[in-house]
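Accompanying notes for the structure given below.
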Amino acid sequence: AALAARFQAKVDAEEKIEPNDWMPEAYRKTLIRQIAQHAHSEIVGMLPEGNWITRAPSLKRKAALLAKVQDEGGHGLYLYAAAETLGVSREELFEMLISSRQKYSSIFNYPTLSWADIGVIGWLVDGAAIMNQIPLCRCSYGPYARAMIRVCKEESFHQRQGFEIMLTLSRGTPEQKAMAQDALNRWWWPVLMMFGPSDKESANTDATMRWKIKRFTNDELRQKFVDATIPQAQHLGLTLPDPDLKFNEETQHWEFGEIDWAEFKRVVAGDGPCNKQRIKQRKTAYEGGAWVREAATAYAEKRAARARGAARIAAE
Amino acid sequence: AALAARFQAKVDAEEKIEPNDWMPEAYRKTLIRQIAQHAHSEIVGMLPEGNWITRAPSLKRKAALLAKVQDEGGHGLYLYAAAETLGVSREELFEMLISSRQKYSSIFNYPTLSWADIGVIGWLVDGAAIMNQIPLCRCSYGPYARAMIRVCKEESFHQRQGFEIMLTLSRGTPEQKAMAQDALNRWWWPVLMMFGPSDKESANTDATMRWKIKRFTNDELRQKFVDATIPQAQHLGLTLPDPDLKFNEETQHWEFGEIDWAEFKRVVAGDGPCNKQRIKQRKTAYEGGAWVREAATAYAEKRAARARGAARIAAE
Amino acid sequence: MQPLFDYTLRLADNALVLGHRLSEWIGHAPVLEEELALGNMGLDLIGQARSLYAYAGEIEGKGRDEDALAYLRDAVSYRNILLVEQPNGDFAATMMRQLMYAAFAYPFTTALAKSKDATLAAVAAKAEKEMAYHVRHSAEWIIRLGDGTEESHARTQAAADELWPFVGEMFEVDGVERELIAAGIAADPVPLKAEWERTLTRVLDEATIARPRDGWMQTGGRAGRHTEHLGHLLADLQYLQRAHPGATW
Amino acid sequence: MQPLFDYTLRLADNALVLGHRLSEWIGHAPVLEEELALGNMGLDLIGQARSLYAYAGEIEGKGRDEDALAYLRDAVSYRNILLVEQPNGDFAATMMRQLMYAAFAYPFTTALAKSKDATLAAVAAKAEKEMAYHVRHSAEWIIRLGDGTEESHARTQAAADELWPFVGEMFEVDGVERELIAAGIAADPVPLKAEWERTLTRVLDEATIARPRDGWMQTGGRAGRHTEHLGHLLADLQYLQRAHPGATW
């Protein structure tokens, strides 16, 4: 109880909790789940974008997309490392991903059907992710906060690149404009769902707010995102697929239509267009590559044995 | 000796030797090798053409190419069946193919690098094959002769389709014309090699001529092919990649340049552009499909066992 | 005219995409007879597609022929169901996809052969005979593989489980189809579901394969919302025509 | 100018094709760190290709930029060596291909960094550092895999045997190169062979892999006579640009 009080005092004082500090078991478990799912999101998120690397329509875009996906993999590595400071191994976490016991951001359960999807992902998916993540840069848990600072910096760059892809398309041929509009039509609502269920439906917010893991509510972040994004869409000359979109002069916020929460629940539960495909791909790569990891282990053991043998001989 | 005399008498009288007839062991061995290699050629020959089915540039061409490759597979099946009448199994023969103990027509060791290659293969490779095969329709061995009659009929159709592809290209865009010329440049000399070594270098001709397996010499068939083909190339507006090509008014034959016999020997011996790739593809498909064949066998056994069980019960 | 064009295009796209998938097996099949059988089924489907595209182009009346429709539309304009664009996978998955499709396409073409549209009826009548063979051939293989070895059984069950979410889309009906069904032109897929169920149940049972649970079904093909696979398939299929605009082949 | 254009294009094509092949591993690698390493090596090569294509376009002086060269030439116009277009195969084959290429490219870029052509020298100086890492990284993996398990050893030996016929082409010199070597612009690959041999011998020995016999070597890339693989690679790479001629991306 004294430990708990000291813990909460640190948190309230905006001091960081570090790996060797005492923490409530519930705080540790919540963070493991959240950080792991964040890491899983990065590595599953490489797949819809990875789908377009070989077909990227210019060398500049090819290089940029490949670099973006590298960054995401790197984010996954930092985040797995941050999770490991809480007492789990990366192998355990990966097993939980491929057995669907831990989740990843549901946005990646949607398919990338055209090059414009790559622009939309950078612009909106990274945009929404940043909005979710900036508050996490002040998260109470040190390793997670520091990882988030690095991640946000790189993701801002990705978001600008995504927007720049959209700008190029919107100033392009009629086919390119149509491609951009079609991509936005398909991704807009799933992106809004990235902020999670509406506040009235959200369980567990109190603890995460109290522990300064979460700083703003889902609806607050979603509104902030919508307000920031609509002018960008207007600048692109694209329309949002929401007939209920209306700027409220009083509140100075954009009002938007009702999200299809049934779709959200269904996709989170496993029945989205790409859920099975994403897990299958990561699983197949992992299982198909077992021989490689086994070889690395076998080689390391042989080397160690040889070194011990050499040391013994030297000692004689 | 009496058997041998009677055998030769039948052959001389243009009577067919059938599977149950006595035949010299050397005759049987020669035919097994030749028929097997002919069958192997059909099924390996499906690969360079198969390489362009998914990219065939019109639905008509797609369907025609798929049908052509089907025909070739069917020819392979008839020929394996003809070889089996001589006392070998198809499995043995296939093993000899994928272990490189038996060969296939070396022309298929060249890559198909453009759609025009598909036209050239139909026009020239099928054309040369027909020229080699028509005499085989009168081969002394009944099953082989009958298989050849069916094969030649279908291959004539394929040759006309190949020529028609070339005609379309030669009347097309500058890129298409260049594509056609480039393909002809690459395939011409390998096609001439399809008729085998020059007569002065050929071993084993006497026996095969005496047994009426072979009717014309390599050079005779090659010359016939060149004479028939050059006017076709001229009609297409394409040039042959042979600066020594010259029509001899006296002999009424086209004189042509020296074939690179070193290349021929090298490719036949295994060092052509696609030798390893072709065998690897057939081998991988075969080994990768072992589970399918095993399943079929296992199912057949289960069914037979169930039938025997049912028969026993019925008898009780 | 537009609904008839849309409808015909859907049927054509189904046939072409599946025919193309089958043609990918050339050079890779486990046994020569199967390479021929797969190729022949592919030829049947490509033939159906050609007749349907030609008709669709006539209906549309803008001068688009079979190749303009097949080679010059992007993935978002394709109208096939998602089942047919799924990758071939292993031989069990290919046969499972074929069984699922043909067990629908056979009664469907039987019904469409009675269409008031003479062209659709004629195409369907010819396709009906072909699809009867496809059902038989794929069913025989599913039974052999399901009731073969442990390995073949596992692969066949995995194929059934993985492809099951794609079967519902075959029985969807939207506004375009409702209109044409009412006019006696299109075939209503809903009454065909019972026969499809009977075929699948019979075959899966005999193959000792557990029928997967009916859950959420994949959808979107009619609206051009495809899986990530179609884009790659079309890049292959269309490349030459895209690289040589206006050329005749 | 033409020989310099041809030469620069060859180097650019090598880098692009190999970089593209490495990028195909994204989403499929055996371990996350390797997915990043393969991607990073791919990025290095694509970066080299971009610099070289830009320079080639300038030399040619017909207004072709990096994308016109990469996206609008057919396979027959590509000038890369055949090694780099070989399919990835398994992880051992990819690492073997990388080792074979990098063990040449590293001394090659060291030599080219002394070119009298300032642009080529600059590109080579940057690439040299990158290729040093590629050699090290691929060599480490070949050693682990060759001296790992029975399975990894077998796969590594198979990779060496299958790719060996493609190594000779790196040391060919034709008229274009002879002229440029004499002018101090191109790097002569022949003197680099000894170092390449030393690297391969050292690594294969440590990896307990038998060095394959030097037999007939595959050739033809400089003349546009490729393997069947390049056409498929380019269909993927170039599709969007071919489908939208003149568009800016």
Side-chain angles (χ1 to χ4, degrees), chain B residues 39 42-44 46-63 65-67 69-74 76-77 80 90 94 114-115 165 168-169 171-173 175-176 179 278 281-282 284-303, chain C residues 16 19-40 42-43 46-47 49-50 53-54 65-67 69-71 90-92 95 141 143-153 155-156 207 233 236-241 243-249:
Chain B
E42 294 284 355
I43 72 159
V44 174
M46 294 166 77
L47 304 182
E49 291 175 304
N51 185 38
W52 279 90
I53 293 171
T54 58
R55 291 174 294 170
S58 76
L59 294 187
K60 176 175 112 172
R61 297 296 182 203
K62 193 183 190 72
L65 185 57
L66 185 49
V69 157
Q70 293 308 94
D71 284 350
E72 284 154 10
L77 285 177
Y80 282 127
R90 196 169 114 197
F94 192 77
S114 79
W115 173 252
I165 288 173
T168 306
L169 294 174
R171 290 173 178 169
T173 66
E175 290 80 15
Q176 286 176 305
M179 193 190 283
R278 299 288 181 233
Q281 186 171 345
R282 276 296 175 206
T284 301
Y286 186 71
E287 291 174 353
W291 68 271
V292 175
R293 296 186 304 275
E294 284 158 14
T297 302
Y299 175 75
E301 286 169 3
K302 286 187 196 182
R303 240 181 106 109
Chain C
L16 177 63
H20 179 96
R21 277 293 188 222
L22 291 175
S23 81
E24 290 174 349
W25 273 100
I26 299 304
H28 304 283
V31 72
L32 188 53
E33 283 83 348
E34 268 321 292
E35 199 152 302
L36 300 192
L38 288 161
N40 279 330
L43 267 170
I46 291 169
R50 295 187 66 197
Y53 281 130
D65 66 2
E66 59 178 357
D67 291 333
L69 292 168
Y71 288 84
D90 63 18
F91 188 71
M95 282 300 156
W141 269 112
I143 290 165
R144 274 181 210 121
L145 298 177
D147 194 18
T149 60
E150 262 187 61
E151 176 174 6
S152 69
H153 178 89
R155 288 175 182 259
T156 309
L233 186 156
D236 210 23
L237 197 159
Q238 300 183 343
Y239 176 79
L240 261 186
Q241 280 240 6
H244 298 266
T248 301
W249 295 95

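Order of the sequence lines sets the chain letters (A, B, ...), proteins ahead of strands, with each chain counted from 1. In this text the structure is predicted, and so the values were computed from the model without any measurement. The analysis underlying the following values was restricted to heavy atoms, covering all of them including side chains, and did not include hydrogens, waters or symmetry mates.
Only the side chain of B:Q176 has a heavy atom closer than 4.5 Å to any heavy atom of chain C. Within the 4.5 angstrom heavy-atom criterion, atoms from both the backbone and the side chain of B:L59 approach chain C. For B:R90, the part sitting under 4.5 Å from any heavy atom of chain C is the side chain, from C-beta outward, and nothing else. Both the backbone and the side chain of B:K60 come within contact range of chain C, with heavy atoms under 4.5 Å apart.
Atoms CG and CG, on C:L38 and B:L66 in that order, are 10.0 Å from each other to the nearest 0.5 Å. One distance of note links CZ of B:R303 with CD1 of C:I143; it measures 8.5 Å at 0.5 Å rounding. Within the model, atoms CG of C:D147 and NZ of B:K302 stand 4.0 Å from one another, a figure rounded to the nearest 0.5 Å. Note: B:L169 CG to C:T248 OG1 = 10.0 Å, rounded to the nearest 0.5 Å. Atom-to-atom distance recorded for C:Q238:CD and B:R55:CZ is 14.5 Å, nearest 0.5 angstrom. With rounding to the nearest 0.5 Å, the separation of CZ in B:R61 from CG in C:D67 is 10.0 Å.
Judged as a salt bridge (Lys or Arg N to Asp or Glu O under 4.0 Å), and not counting sequence neighbours, the contacts of C:D90 are C:R155. Here C:H153 pairs with nothing under the ring-ring contact (aromatic ring centres under 6.0 Å, His included) rule; sequence neighbours left out.
Scanning both residues, B:T54 and C:H20, for their nearest heavy atoms gives O-CE1, 3.3 Å. When every heavy atom of C:R144 is checked against every heavy atom of B:A296, the shortest pair comes out as CD-CB, 4.0 Å.
Considering only heavy-atom pairs separated by less than 4.5 Å from chain B, the leading option among C:L16, C:V31, C:N40 is C:N40. Heavy-atom pairs under 4.5 Å with chain B were tallied for C:E66, C:E151, C:R50; the largest tally goes to C:R50.
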### Task
Walk me through it: do C:L32 and B:Y80 pass the test side-chain contact (heavy atoms from CB on, under 4.5 Å)?
CA-CA 11 Å; C:L32 188 53; B:Y80 282 127; 4.3 Å; yes
